[in-house]
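This structure is in structure tokens; I'll ask about it shortly.
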Amino acid sequence: MTADGRLIHVDATQNTDLFWALRGGGGNFGVVTSFEFKLHPIEPELMFCGPAYPEERANEIIPLWRDFMQTAPDRLNGLAEFSTIPEDPSVPEHAWGRRVVALAHVYDGPADEGERVVAPLRSFGEPLVDFSGRMPYRTIQSLYDGLFPKGRDRCYWKSTYLSRLDDEVIGEITARMAKRPSEMTFASIWKFGGFVQRVAADATAFGDRSMPFMLSLDAIWPGADDDDANIGWVRSFWQDMQRYSTGRLYLNFPGHGEGANLVRDAFGAEVYARLAKIKHRYDPDNLFRLNQNILPML
């Protein structure tokens, strides 16, 4: 449904400009009333990999993970995640309150095969705790739900794509994480590759996919008194990481959307200019603006 009330169909043969824009361009162009998805078959049971190593070993663990992922099969995807183990009865008590680097991955294939593939990630020395196991896809999708109950926490999440992840970059990340002001905070290094990078840069509005890694800084804290400390920590960390960045960011993690050029920087100048023209065609008065907004331009 467009801003002027038209109900239109969008696909690879109809309204192709809008079809391109909707795949990565956000909710800037209208209200989608129905989707038709191309589904991907998955196994009834998948292998989830989740060893958590002591954070003091991060400068050792992350390079091992990085090197392993360079040759990992396309069916394996995941990230290296900094967090603090909560005091939860489902977790061994010796791990409560410990800062860790968890290697969280899913293998999209037979669980037996996946268990063999991820075995090296679980053997970089002794994990503090290992959350790995075989489980249905829907169970994997809900694993983090309990950590983020609606309405409980204050959050400020910001991201940047990294052009490299050498020992210098890793050292800076681990040093900054050691100074995080809240034990509730997460931060993740996402590995991109395989099918993700094989989509042509001009195929969708998401744009260029050549970045090898993304860093997301997910500050979480309980009360307003700590807003300045946590938001300031993320902003300072993010700004200093720009010398290792591609200059783009992931709009699911934009901070509070501040910055006049945030959306333009996220997409890159060429993609943003194309999106702005499509925006002008379908929403010239910018009715759909309560988002990471693209301004209409001729």
Between Met297 and Pro284, is there a side-chain heavy-atom distance shorter than 4.5 Å?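 Pro284 does not reach Met297 side chain to side chain.
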Check the hydrophobic clustering (I, L, V, M, F, W, Y; side-chain heavy atoms under 4.5 Å; chains of links allowed) and say if Val106 and Leu103 are grouped together. no
Using the rule that Ile, Leu, Val, Met, Phe, Trp and Tyr join whenever any side-chain heavy atoms are under 4.5 Å apart, tell me whether Leu251 and Met214 fall into a single cluster.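 Shared cluster, no.
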Should Ile42 and Ile140 be regarded as members of a common hydrophobic cluster, given that ILVMFWY residues are connected when their side-chain heavy atoms come within less than 4.5 Å of each other, either directly or indirectly? yes
Start with the C-alpha distance between Trp96 and Asp88, add both sets of side-chain angles, then the distance that settles side-chain hydrogen bond (donor to acceptor under 3.5 Å, both in side chains), and finish with yes or no. CA-CA 7 Å; Trp96 289 2; Asp88 189 301; over 6 Å; no
With a 4.5 Å cut-off on side-chain heavy-atom distances among I, L, V, M, F, W and Y, is there a chain of contacts connecting Leu249 to Ile189?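 Both belong to a single hydrophobic cluster.
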Side-chain contact test, heavy atoms from C-beta onward, threshold under 4.5 Å: evaluate it for Ile8 versus Leu18 and give yes or no. yes
Note, Leu46 side chain near Tyr107 side chain (heavy atom, < 4.5 Å):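 Sidechains of Tyr107 and Leu46: no contact.
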Whether Glu183 and Arg98 form a salt bridge (side-chain N of Lys/Arg under 4.0 Å from carboxylate O of Asp/Glu) is what I want to check.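 No.
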Evaluation steps, side-chain hydrogen bond (donor to acceptor under 3.5 Å, both in side chains), between Tyr244 and Asp166: CA-CA 10 Å; Tyr244 310 122; Asp166 56 24; over 6 Å; no
Given the rule that I, L, V, M, F, W and Y join up when any side-chain heavy atoms are under 4.5 Å apart, are Trp233 and Met184 in one cluster? no
One thing to verify: whether Glu55 and Arg180 come together as a salt bridge, which I'm taking to mean a side-chain N less than 4.0 angstrom from a carboxylate O.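 Counted as a salt bridge, because a side-chain N and a carboxylate O are separated by less than 4.0 Å.
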Among Trp190, Trp157, Phe186, Trp238, which one satisfies side-chain contact (heavy atoms from CB on, under 4.5 Å) with Ser216?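 Looking at Trp190, Trp157, Phe186, Trp238, the match for Ser216 under the side-chain contact (heavy atoms from CB on, under 4.5 Å) is Trp190.
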Check the pair Gln70, Asp67 against side-chain hydrogen bond (donor to acceptor under 3.5 Å, both in side chains), reporting the backbone distance first and the verdict last. CA-CA 5 Å; Gln70 294 303 319; Asp67 294 346; 6.0 Å; no
Could you tell me how the ring of Tyr272 sits relative to the ring of Phe267: parallel (under 30°), tilted (30 to 60°) or perpendicular (over 60°)? tilted
Using a strict 4.0 Å threshold on nitrogen-to-oxygen distance, state whether Asp17 and Arg281 make a salt bridge. yes
Just so I know, are the side chains of Thr84 and Val100 near enough to count as touching, which here means a heavy-atom distance under 4.5 Å? no
Any Asp167 side-chain heavy atom under 4.5 Å of Pro63 side chain: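 Answer yes - side chains close enough.
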Take atom CZ of Arg138 as the centre, draw a 6.0 Å sphere, and report whether it contains more than 12 heavy atoms from other residues, nucleotides or ligands.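 Not buried by this count: 12 neighbours or fewer within 6.0 Å.
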With a cut-off of 6.0 Å (strictly less than), are more than 12 heavy atoms of other residues, nucleotides or ligands near CD of Glu258? yes
Would one find more than 12 heavy atoms of other residues, nucleotides or ligands at under 6.0 Å from atom CD of Glu270?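 Not more than 12 within 6.0 Å, no.
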May I ask you to decide if the ring planes of His256 and Tyr156 are parallel, tilted or perpendicular, using 30° and 60° as cut-offs? perpendicular
Once you measure the plane-to-plane angle for Phe253 and Tyr250, does it fall in the parallel (<30°), tilted (30-60°) or perpendicular (>60°) bin?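 Perpendicular: the ring planes of Phe253 and Tyr250 meet at over 60°.
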Has the side chain of Asn293 got a donor or acceptor atom that lies under 3.5 Å from a matching backbone atom of Phe288?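 Yes: the side chain of Asn293 pairs with the backbone of Phe288.
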In terms of heavy-atom contacts, does CG of Asn252 have more than 12 from other residues, nucleotides or ligands at under 6.0 Å?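 Buried by this count: over 12 neighbours within 6.0 Å.
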Any side-chain heavy atom of Met135 within less than 4.5 Å of one from Leu143?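 Yes - at least one pair of side-chain heavy atoms lies under 4.5 Å apart.
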Identify whether the distance between the nearest side-chain nitrogen and carboxylate oxygen of Asp226 and Arg154 falls below 4.0 Å.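 Salt bridge: no.
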Check whether any side-chain heavy atom of Thr246 lies under 4.5 Å from a side-chain heavy atom of Thr160, and answer yes or no.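 With C-beta onward as the side chain, the pair stays apart.
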Count the heavy atoms belonging to other residues, nucleotides or ligands that lie under 6.0 Å from CG of Asp145, then report whether that count exceeds 12.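 Above 12, so yes.
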Pair Arg57 + Glu126, salt bridge at N-O below 4.0 Å: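 No, Arg57 and Glu126 are not salt-bridged.
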Given side chains that start at C-beta, do those of Tyr53 and Leu64 come closer than 4.5 Å, heavy atoms only?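 No, too far: nothing below the 4.5 Å cut-off.
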Is the cationic atom of Arg23 (NZ for Lys, CZ for Arg) positioned less than 6.0 Å from the six-membered ring centroid of Phe19 and within 45 degrees of its normal? yes
